[in-house]
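What follows is a set of notes on a single structure, which appears directly below.
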Amino acid sequence: QVQLVESGGGEVQAGGSLRLSCAASGRIVSIIEMGWYRQAPGKQRELVATRHLSGTINYGDSVQGRFTISAKVHEKTWFLETATLEPDDTAVYYCQAKVIPESAVKWFTYWGQGIQVTVSS
């Protein structure tokens, strides 16, 4: 079984920053992609950032230039550094990973339980 656990959320004033962390555990052969998504009330879940095993990084348009994804691949841990936060960044943030588990021949997508980030104006 593969588990993802987020930490580091909370409430911050506009213009502030937070660092989110995600740790993967379980019988993992490889993590193909590490990522962050978010879902605001009444809205669809949207891409925040992903980091492929190759090092390729993608950001959602709304966070480009303000958020940074990084990873400690061998520790199966990745981070989202947020900066210049805005009230529109308020959402539940989910870490996501495409993982090849033991005894598998393909990757599967796993999600964390989500962590609240609230930005007050």
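Predicted, not measured: the structure shown is a model, and the values here were computed from it.
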When you measure from the centre of the six-membered ring of Trp111, is the NZ or CZ of Arg45 closer than 6.0 Å and no more than 45° off the axis? yes
Quick one: side chain to side chain donor-acceptor pair (under 3.5 Å) pairs with a partner in residues 94-104, sequence neighbours left out? Arg27-Glu102
Would you mind reporting whether [Y] and [X] have side-chain heavy atoms less than 4.5 Å apart?
X: Val73; Y: Arg51; result: yes
X: Asp89; Y: Arg66; result: yes
X: Ile57; Y: Thr50; result: no
X: Cys95; Y: Tyr110; result: no
X: Trp78; Y: Ser70; result: no

Tell me, yes or no, whether the heavy-atom count around Gln39 atom CD, taken from other residues, nucleotides or ligands under 6.0 Å, exceeds 12. yes
So does Gln3 have more than 12 non-hydrogen atoms from other groups sitting under 6.0 Å from CD? no
Please assess Tyr93 against Leu80 for the test side-chain contact (heavy atoms from CB on, under 4.5 Å), listing each intermediate value before the final yes or no. CA-CA 10 Å; Tyr93 285 69; Leu80 184 70; 4.2 Å; yes
Is there any ring pair (Phe, Tyr, Trp, His ring centres under 6.0 Å) pair reaching into residues 50-76, and which pairs are they, with sequence neighbours excluded? none
Which heavy atom in [X] sits nearest to a heavy atom in [Y], and how many Å separate them?
X: Ala91; Y: Gln116; value: O-NE2, 3.5 Å
X: Ala24; Y: Ile31; value: CB-CD1, 4.0 Å
X: Leu4; Y: Ala97; value: CD1-N, 3.7 Å

Check: Gln113/Glu6 side-chain N/O donor and acceptor closer than 3.5 Å: yes
Look only at the side chain of [X] and the backbone of [Y], and say whether a donor-acceptor pair between them is shorter than 3.5 Å.
X: Thr56; Y: Ser54; answer: no
X: Ser21; Y: Ser7; answer: no
X: Thr82; Y: Leu18; answer: yes

